[in-house]
Amino acid sequence: MVPGYTLPVFACASAMAALHWLHYRQAVLSVSVDLIEPGQVVDIPVEQVAGLSDNMALAIARSDPGDNLDITRNTPIWALVELGTQGKDGEKITIKGGEGIGKIVETGGKPAIYAYARRLLQENLQPMLAPEERITVTIILPEGRSLALRTSNAAFGVVEGLSLLGTTGISQPLSAPGQLEAFREQLQYKVSRFDCLVFCVGENGLDLARKLGIDREKLVKTANWLGPMLVEAALQNVKQILLFGYHGKLIKLAGGIFHTHHHLADGRRDILVAHCANVGLPTQDLQVVFNSSTAEAALVYLRSLHTSGGHDWVERVYTSIVQEIDSRSRDYIKNQIGEAGTLPYVGSVLFDRDRKVIVKSKTAHTLMAKLC
């Protein structure tokens with residue numbers, strides 16, 4: 001497996017190279033970035049450095065996620081560093097999002113530069129500053145706006161660009177077979193300590209689960225490998241599993257799709273319409289759901305029906321969906337393991353783009369009471 005690094009690492013490298021130019025009027029070919037998580041220092045190539053004025057420089061690095069099947073591969077990451085500008089409350093380093101960095105809708109448009117990225121920039125740039133120096137760092141992703149159209153960022157309230165998201169500097173190839181082995185190793189370690197685990201597809205699920213009070217040590221990231229991870233858990237004799245994820249992703253399980261990457265299968269609309277019909281949604285409303293551009297848009301429409309007509313279609317439809325997810329998951333595990341391992345109880349919790357829980361299955365209610 002070829003190692004790679006996350007976007008925050010390349011953003012940090014660009015900022016360090018630009019600051020180096022401002023101090024020494026010299027361009028560098030690479031910089032040494034302390035990843036913090038994990039605790040190691042790596043050399044990151046810098047593609048270009050340019051001085052724009054005596055107090056401003058721009059540097060460019062290029063994303064290299066290693067074996068990860070990542071849409072940001074080879075995309076340029078710019079950092080514009082300006083000396084002598086003081087941030088709010090006298091802070092030495094002010095971090096801003098420029099073109100291509102997404103905006104978080106629920107915060108009024110603040111840049112989608114999350115905790116790890118900010119910490120990485122702060123801790124690597126701080127030692128380079130003289131005591132009296134102040135800088136403003138603006139991160140720019142020239143291709144970010146167009147690349148964001150190929151992601152689900154908007155479903156989670158991030159618009160107009162990509163996020164500098166994550167909790168580590170090492171790129172995790174979530175769709176590569178090698179990553180499945182890493183996830184299995186993580187699972188095997190946690191199985192020795194807990195008999196109830198929480199499966200989260202991605203960072204949004206992990207974050208929300210922690211905020212709801214679930215012990216972070218019981219959380220297991222699965223990416224799109226839900227099927228293999230359910231089977232592995234059963235073979236390791238896990239007794240209870242809570243599936244915790246975005247409704248537009250986990251809904252696939254209700255249709256028997258247990259590898260959820262969109263390149264392999266996507267039956268979300270058909271599954272949603274089938275459950276709407278099954279609980280009696282009128283034909284004209286079924287047609288609107290069928291023609292909705294996303295699962296989130298369909299959910300918004302179902303909520304509008306509750307507001308205008310008094311029928312809680314969201315509760316009825318999504319209760320049907322989570323019960324099917326639970327049932328299909330157990331059937332999938334049983335078919336895969338035969339007489340080996342343990343058939344765990346499976347519950348599911350679905351949340352929306354605002355990270356608000358839509359519904360919990362009956363089993364999930366029981367498991368949540370134990371987990372929180």
Side-chain angles (χ1 to χ4, degrees), residues 102-109 112 145 148-161 163 200-205 207-208 211-212 224 226 243-257 260-329 347-362 364-365:
K103 297 179 176 62
I104 306 171
V105 175
E106 66 181 19
T107 64
R145 191 181 291 259
L149 299 176
R150 297 164 56 189
T151 74
S152 58
N153 278 14
F156 292 103
V158 176
V159 297
E160 300 181 17
S163 303
C200 301
V201 176
E203 294 293 332
N204 286 288
D207 182 62
L208 179 56
K211 287 180 178 177
L212 291 178
N224 289 302
L226 279 163
L243 302 175
F244 197 96
Y246 177 58
H247 72 111
K249 180 71 76 169
L250 286 191
I251 194 175
K252 295 182 181 183
L253 274 61
I257 300 169
T260 56
H261 198 288
H262 66 276
H263 288 310
L264 297 181
D266 188 359
R268 288 173 292 184
R269 181 181 64 177
D270 310 83
I271 296 165
L272 183 56
V273 170
H275 281 272
C276 286
N278 190 50
V279 299
L281 189 69
T283 301
Q284 66 269 23
D285 297 315
L286 282 173
Q287 291 172 341
V288 175
V289 172
F290 181 81
N291 290 304
S292 296
S293 57
T294 63
E296 191 69 31
L299 172 62
V300 170
Y301 179 72
L302 291 174
R303 282 175 169 160
S304 73
L305 295 179
H306 176 49
T307 302
S308 60
H311 296 290
D312 193 346
W313 289 110
V314 172
E315 176 68 22
R316 294 170 68 178
V317 170
Y318 277 86
T319 295
S320 174
I321 289 171
V322 290
Q323 293 304 126
E324 187 69 11
I325 290 173
D326 290 3
S327 176
R328 290 259 189 159
S329 296
S348 49
V349 177
L350 307 187
F351 58 84
D352 62 15
R353 61 171 286 178
D354 295 323
R355 300 188 188 183
K356 294 180 179 178
V357 173
I358 304 169
V359 66
K360 304 171 189 173
S361 69
K362 184 177 180 180
H365 275 285

Answer yes or no: is there a side-chain heavy-atom contact under 4.5 Å between I271 and R268?
no
Quick one: pull up CG in L272 and OG in S320 and give me the separation to the nearest 0.5 Å.
10.0 Å
Would you please test V314 and H306 for side chain to side chain contact (heavy atoms under 4.5 Å, CB included) and show each step?
CA-CA 8 Å; V314 172; H306 176 49; 5.8 Å; no
Do you know which two heavy atoms are closest between A254 and H275, and how far apart they sit?
CB-NE2, 4.2 Å
Main chain of K362, side chain of Q323: is a donor-acceptor contact present, judged purely on distance under 3.5 Å?
yes
With a 4.5 Å cut-off on side-chain heavy atoms, are L208 and R355 touching?
yes
Taking C-beta and beyond as the side chain, do K252 and N224 meet within less than 4.5 Å on heavy atoms?
no
Value rounded to 0.5 Å, distance of CD in E324 from CD1 in I321:
9.5 Å
So, the side chain of S348 versus the backbone of L243: is there a donor-acceptor pair under 3.5 Å, distance only?
no
Judged by atom type as modelled, is there a donor-acceptor pair below 3.5 Å linking the side chain of S329 to the main-chain atoms of I325?
yes
Taking NZ, NE, NH1 and NH2 as the nitrogens, is one of them in D312 or R316 under 4.0 Å from a carboxylate oxygen of the other?
no
Does any N or O in the side chain of D352 come within less than 3.5 Å of the main-chain N or O of D354, such that one atom is a donor and the other an acceptor?
yes
So which heavy atom on A277 is nearest to which on L286, and how close?
N-CD2, 3.5 Å
Measure the OH-CG distance between Y301 and D285 for me, rounded to the nearest 0.5 Å.
3.5 Å
List the atom of W313, the atom of P282, and the distance in Å for their closest heavy-atom pair.
CZ2-CD, 3.9 Å
Minimum heavy-atom distance L250-F244, with the two atoms named:
CD1-C, 4.0 Å
Of all the heavy-atom pairs spanning K360 and V349, show the shortest one and how long it is.
CG-CG2, 4.0 Å
In Å and rounded to the nearest 0.5 Å, what is the CG to NZ distance from L350 to K249?
13.5 Å
Is any side-chain heavy atom of V201 less than 4.5 Å from a side-chain heavy atom of Y246?
no
For the backbone of E203 and the side chain of D207, can you confirm whether one donor and one acceptor N or O come within less than 3.5 Å of each other?
no
Please report the interatomic distance CD(Q287) to CG(L281), rounded to the nearest 0.5 Å.
10.5 Å
Is V273 close to D270 at the side-chain level, that is, under 4.5 Å between some pair of heavy atoms?
no
S292 and A298 have their tightest heavy-atom pair at OG-CA, 3.6 Å
Exactly one candidate in N278, V289, V359, V279 meets side chain to side chain contact (heavy atoms under 4.5 Å, CB included) with V317; the answer is V279
To the nearest 0.5 Å, how far apart are CZ in R269 and OG1 in T294?
12.0 Å
